[in-house]
Protein chains: 2
Amino acid sequence: MKAGQRNSIAAELIAVLVAVTAGQPRVMTIRQGKALPSGPFELGHRSLQSGLRDWVEQQTRHPLGYIEQLYTFADRDRAGDASEQRVISISYLALTREEQAEPADKAAWRYWYDYFPWEDHRTGVPSVLPDTIVPRLKAWADAADSRALRHHLWQRAAIAFGLEDYAWNEDLVLQRYELLYEASFVEEAHRGRGADNAVFGRAMQADHRRILATGIARLRAKIKYRPVVFELMPPTFTLLQLQRTVEALAGRLVHKQNFRRLVEQQELVEETGALTADTGGRPAKLFRFRHGVLAERATSGTKLPLSRA
Amino acid sequence: MKAGQRNSIAAELIAVLVAVTAGQPRVMTIRQGKALPSGPFELGHRSLQSGLRDWVEQQTRHPLGYIEQLYTFADRDRAGDASEQRVISISYLALTREEQAEPADKAAWRYWYDYFPWEDHRTGVPSVLPDTIVPRLKAWADAADSRALRHHLWQRAAIAFGLEDYAWNEDLVLQRYELLYEASFVEEAHRGRGADNAVFGRAMQADHRRILATGIARLRAKIKYRPVVFELMPPTFTLLQLQRTVEALAGRLVHKQNFRRLVEQQELVEETGALTADTGGRPAKLFRFRHGVLAERATSGTKLPLSRA
DNA sequence: CCAGTTATACTCGTTTAGAGCATTATTCCC
DNA sequence: GGGAATAATGCTCTAAACGAGTATAACTGG
C-alpha cells in the first residue's frame, strides 16, 4: 500500500527555545505567553530542523542555535476533538543567547519558573510546596478508593517531590507536572472549568506546558554530562556567571569551589587573560569555552557537584 | 492556516526490536534481514506506539514489551527520489525476550554484530579493525585536500574507533557507522555500485542500518544508568547470565566480582532461593528482578564496571 | 582424585565527590 | 583611612565509588 493517500496526516513542529539572562532561565513564547512557537511541517522544508528554524525565526525574529529533538507524539485525545485530521507533533529543545533585537509580533521571553513555581529551589524550598502542594497531594492520594492505590499514589508523590525519605531530584520535572495534572491541580487538566492557576503556575494552551516540562527535564539532565551550558553563555564569562547559569537551569545551588574544580579539571574552559571590572568583590578572570572539547570528547561532560541532603 | 490540506505527508513507524538469546544480541528483521519491521501510521491508530505495536506484531508475530522512542526524521534526500510525497520516519527501540513462536512470514531474528562486525570486542579487538578498517580510514583521511581537513578527519576516526591515545568507547556506534558511511566503506553509501560488504558488515535497505546503529547506541548508553537489561532477561536468572547479557549488548567484558557488587549493592535483584543445575562449576543462586526499583528510583541505575585500558 | 569451571567473599589502592576552612583582592560606606 | 561586604581562589579532609586482584568454595566430568 502506498501510504499517505488514505491518511490525512499533518506534522507540527514545536520549539522549547531557552535562554538565560541575568541569572534567570527564560523560554520564548507567543500569544501572551500561552503557547510555544510552532508551525506545520511543509513540503518545502528541507528537513524537520530547517522547518523548525523557519517557523521560529519567522514568529520570533530570533535565530536558533543549538537544536535537539525532544519527542514526537500523536495521541488521539490531544486536540480534544476526534476529527478526521490527525496531527503528529515533533518537539525540539533549542538553546540560544538572548539577543538585543525585539522579538516579533506577540513573541516574548518568559521566566520559565512562572510556569513551574515549585521547580526553583535556589533560595530554598518554595513555600508553595509545603504550604499547598504537598497537603493537597496528600489529600488527593488519601481520597483514592483502595488502600493499595492510596499507598501507590502517595509513593509516587513522595518520589517526585522529594518527600518522606526521598531527596529532591531536579530532573523529575515531567513526573511532577504529570502528577499535578493527574490530580487536576493544573489548569490544563480541567479546561474551562477554572482553577486557581496562581498557585500551580501559569497555564499554556493545549499540551505546551507539558512539552516545556519535557524540555526543562532534558536540559537539567543533559547539563550534567554534556557541555551544553556554553550554548547559553556569552563569548566570555566568569566562572561565577557560568555557575549561576547552571544553577538557574537546575533550580538549585551548587558548591562553588567544587564547581570550579570540576570545570577546570575537565578543561572545559580557558582563560582569556582579561579580568572583569565586576560588581563588588575581587575581580574575576574571564574565560571562554574551549571548543576543542566538542571534538575531543564525544562522551562524558559537566557533572554538577550537587549537595547530598 | 489549516495544516495538512496542502501537504501530502505520510508517517512511517520503524522498530529496532532487540532480544538477547544464548548470550548473543539479536534484532528482528524482515526481508531476509535487509529491513527492520515498519509500517505507515494510520488514522485508525490510537497513538504512535500502538500503531508500532500493530505493525510489528502483524509482521513478526512477536509481541513488544518495553518501547522507547529513538528519533524522528524527514530528510528530503532519504528516499532518493524528490517526489511530491514526503515521509516522516519515527523510529523506536523495543526490548523483549525471544519467544518460542516462529516469527511470521520472512521475519527473522539476526545477530546484530552481523551488521556491525567491528562492534563486538568481547573476545578482543575484532581483527577487521586493525587489518582493514583502520588502514583504509587512514588512507581516506590522507586523501583529503587540505592539511587541516586531513587532520580533522583522522582526529574524528581516532576518537570514534579508539585509536591514538583514545580509548575504545562502546557508545559511539552511530559515529562509527557514519564515519564509515562518509568514507564510502559501507554498501549503503554507494547503492548499486557494489562494494565488498563482507568486510564492512551486512547492509540493509534505505537507512535502516543507521537506525539500528542508533538503537544500539541508545541501548548501550542506557544500560549504564537505567535497569533496562531486565526487559531482556527471563523471569529468573543467575548473575552470570545477567552479566553475559550486559556484555553482549555492550560488546565488551566486565569485571565479574565488581559487576556482582554493583548489582547487589543497588538492590536490583533478589534471590529466589533456588539454585541452578547449571553447566559445569559450582551451582549459582537464581535471582529475579526486584520490580520495586522501578518505583523507588526514577533516577540513577546500573553503571557498568568497565575496565580501564 | 584431579582438572576444569563457576560462584562467591574480601582486600587494596586510586579516583571522585561533597563539604568546609582559609586567604586574597576588590568595592562601598562611613 | 578603616572596616564591612562581596567575590575569587587555594587547599584539605572524608567517604564513597571504582577498577583490579587474591582467595576460597562447590560443583562436573573424566
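FYI, side chains are in, hydrogens and waters are out, and symmetry mates aren't considered; it's all heavy atoms of this structure.
- Put simply, CD on B:Gln265 is 16 Å from C1' on C:dT8, counting in whole angstrom units.
- A:Lys256 comes within 4.0 angstrom of a base, heavy atoms only.
- Partner A:Phe116 forms a ring pair (Phe, Tyr, Trp, His ring centres under 6.0 Å) with one of A:Tyr113, A:Trp112, A:Trp118 and no other, that one being A:Trp118.
- Comparing atom distances between the B:Ala284 side chain and each of C:dT26, C:dA7, C:dG20 picks out C:dA7 as nearest.
- In this structure, the NZ atom of B:Lys224 is 11 Å from the P atom of D:dG19, given to the nearest Å.
- With respect to A:Arg122 and A:Glu247, no salt bridge is recorded, no charged nitrogen being found less than 4.0 Å from a carboxylate O.
- Following rounding to the nearest Å, B:Phe259 (CZ) and C:dT6 (P) show an atom-to-atom distance of 16 Å.
- Under the 3.5 Å distance criterion, with hydrogens and angles disregarded, a donor-acceptor pair is assigned to the side chains of B:Tyr66 and B:Glu68.
- When distances are taken from the side chain of B:Arg282 to each of C:dT8, D:dT9, D:dA20, the shortest belongs to C:dT8.
- What separates CG of A:Leu242 from P of D:dA8 is a distance of 12 Å, to the nearest Å.
- For the pair A:Leu240 CG and D:dT6 P, the interatomic distance rounds to 13 Å; values are reported in whole Å.
- Atom CG in A:Leu262 sits about 9 Å away from atom P in C:dG18, given to the nearest Å.
- Contact record, B:Leu174 with B:Ala217: N-CB, 4.3 Å, taken as the closest heavy-atom pair.
- Residue A:Leu239 contributes atom CG, which lies 10 Å from atom C1' of D:dT9 at whole-angstrom precision.
- Looking at which nucleotide of DNA chain C each of B:Gln241 and A:Arg261 is closest to, the 5′-most match is held by B:Gln241.
- Between the CZ atom of B:Arg260 and the P atom of D:dA25 there is a distance of 16 Å, given to the nearest Å.
- Proximity note for B:Gln257 (side chain, C-beta onward) versus C:dA9, C:dT6, C:dG20: the nearest is C:dA9.
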